[in-house]
Amino acid sequence: MQSNVKGIFDSFNDYLVKEQELRTEIRDIVRDIDQAAKEAAIVLQIIHSSMADVPAACAKARTIFETCREGYGKLAALIPAGQYYRYHDHWHYMTQRIVFLIALTIYLEKGFLVNRETAAEILGLTVDQKSGFHLDIEDYLVGILQLASELSRYAVNSVILGDYEKPLLISKFVADLNSGFRLLNLKNDSLRKRFDALKYDVKKIEEIVYDISIRGLRAEATPTTTATAPTAVPDAEQAKQA
């Protein structure tokens with residue numbers, strides 16, 4: 001082999017070896033973050049079997065998000081500048097799930113939808129693409145869509161646990177979500193397909209509310225309950241508390 005050809009391919013090999021080493025480091029960090037996310041998901045599953053333990057589950061999930069935050073800090077330090085989307089496939093599914101868990105936790109605590117900025121802050125990220133490692137907007141939106149699916153299940157299990165008011169609040173919240181997503185100009189991609197599933201979540205929750213109403217299990221609305229009903233759009237004070 002001619003020396004110049006060998007030199008060219010030796011440089012390629014060095015590049016490929018370093019690339020493989022970097023991806024291995026990324027996978028190791030992502031695995032640790034993903035394990036923490038699984039623990040948070042397990043903790044929050046208590047909402048489907050007990051109403052009394054929900055505050056404690058949310059507090060525990062908050063501590064686990066700190067572990068996720070540390071992992072994202074390691075990723076941010078590892079990814080070369082300007083190459084976020086080159087390696088994005090390693091963590092985007094995981095990030096969507098963590099956004100969903102954060103959104104679920106804040107909904108259970110405060111009753112409103114977490115915004116992208118707050119979700120990013122909890123993970124130690126930004127929303128500015130120019131800053132490098134950030135919370136991608138599609139990852140945020142998919143996470144919120146996952147929240148809708150979980151809340152439809154939560155509505156069913158709330159009735160089983162004897163809480164007939166919860167499905168009414170969830171119904172309004174998810175309806176607001178549906179209205180918000182309809183404002184977006186979504187193309188025919190994975191996000192659009194995931195959004196199409198939202199209408200089934202809305203329908204499922206509406207059927208639960210209907211069953212509660214015709215069975216006479218729905219309490220009469222009062223000015224107080226109407227004024228404090230959670231919505232998908234937080235007011236300024238709520239956003240500050242989150």
Side-chain angles (χ1 to χ4, degrees), residues 37 40-41 44-45 47-49 51 54 61 92-120 127 135-219 221 225-226 228-235 238-239 242:
L44 291 173
Q45 285 302 298
I47 67 174
H48 299 297
S49 58
M51 293 183 289
V54 171
H92 76 284
Y93 287 121
M94 174 188 71
T95 301
Q96 292 166 7
R97 184 166 64 254
I98 295 176
V99 168
F100 146 64
L101 294 170
I102 290 172
L104 176 60
T105 299
I106 290 180
Y107 174 80
L108 294 171
E109 291 176 335
K110 309 291 185 179
F112 61 77
L113 175 65
V114 64
N115 59 34
R116 184 183 170 208
E117 289 77 11
T118 301
V127 295
L135 176 57
D136 181 75
I137 189 170
E138 289 195 10
D139 290 343
Y140 167 77
L141 291 174
V142 172
I144 298 307
L145 287 169
Q146 292 178 16
L147 171 65
S149 295
E150 187 71 7
L151 289 180
S152 68
R153 180 187 172 204
Y154 186 33
V156 173
N157 289 318
S158 294
V159 173
I160 294 173
L161 294 172
D163 186 345
Y164 303 117
E165 294 302 311
K166 189 89 63 194
L168 310 182
L169 302 178
I170 291 175
S171 178
K172 185 180 187 311
F173 178 86
V174 175
D176 286 348
L177 275 185
N178 186 47
S179 298
F181 271 95
R182 289 184 180 278
L183 296 175
L184 303 179
N185 183 22
L186 300 176
K187 296 182 180 180
N188 188 22
D189 55 11
S190 58
L191 180 58
R192 175 56 193 245
K193 293 177 182 177
R194 187 64 190 80
F195 166 62
D196 288 342
L198 178 59
K199 63 184 179 183
Y200 297 106
D201 295 326
V202 173
K203 181 180 179 182
K204 181 178 180 180
I205 298 170
E206 287 177 345
E207 290 174 347
I208 296 170
V209 171
Y210 174 75
D211 285 343
I212 291 174
S213 299
I214 64 173
R215 293 174 186 271
L217 301 174
R218 181 174 184 176
T225 58
T226 302
T228 59
T231 68
V233 182
D235 59 28
Q238 288 175 320

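Index from 1, following the sequence. Because only heavy atoms are used, hydrogens play no part in the values below, and waters and symmetry mates are left out as well, while side chains stay in.
- Under a 4.0 Å N-O distance rule, the pair Asp176/Lys172 qualifies as a salt bridge.
- Considering CG of Leu147 and CD1 of Ile106, their distance stands at 10.5 Å, rounded to 0.5 Å.
- Leu168 contributes atom CG, which lies 6.5 Å from atom OG of Ser213 (distance to the nearest 0.5 angstrom).
- No donor-acceptor distance shorter than 3.5 angstrom exists from the side chain of Asn157 to the backbone of Ile160, with no hydrogens or angles considered.
- Nearest approach of Ala103 to Ile144, heavy atoms of both residues: CB-CD1, 3.8 Å.
- Side-chain N/O atoms of Thr95 and Asp139 include no donor and acceptor closer than 3.5 Å.
- A salt bridge between Arg215 and Asp211 is absent, with no side-chain N of the basic residue lying under 4.0 Å from a carboxylate O of the acidic one.
- Not a single ring-ring contact (aromatic ring centres under 6.0 Å, His included) links His48 to another residue, sequence neighbours left out.
- Side-chain atoms of Thr118 do not come within 3.5 Å of backbone N or O of Val114 as any donor-acceptor pair.
- Salt bridge annotation for Glu206-Lys203: absent, with no cationic side-chain nitrogen under 4.0 angstrom from a carboxylate oxygen.
- Judged by distance alone, the side chain of Arg116 and the main-chain N or O of Tyr140 form no donor-acceptor pair under 3.5 Å.
- Outside the 6.0 Å centre-distance limit, the rings of Tyr107 and Phe112 are not counted as a close aromatic pair.
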Pair Asp189-Lys193, salt bridge (Lys or Arg N to Asp or Glu O under 4.0 Å): steps then yes or no: CA-CA 6 Å; Asp189 55 11; Lys193 293 177 182 177; over 6 Å; no
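- Interatomic distance, CZ of Arg194 versus CZ of Phe181, reported as 9.0 Å (0.5 Å rounding).
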Candidate pair Leu141 and Phe195, rule side-chain contact (heavy atoms from CB on, under 4.5 Å), full reasoning: CA-CA 9 Å; Leu141 291 174; Phe195 166 62; over 6 Å; no
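- Side-chain contact annotation: Arg153 with Ser158, donor-acceptor N/O pair under 3.5 Å absent.
- Here the OG1-CD1 distance, from Thr105 to Ile98, works out to 11.5 Å after rounding to the nearest 0.5 Å.
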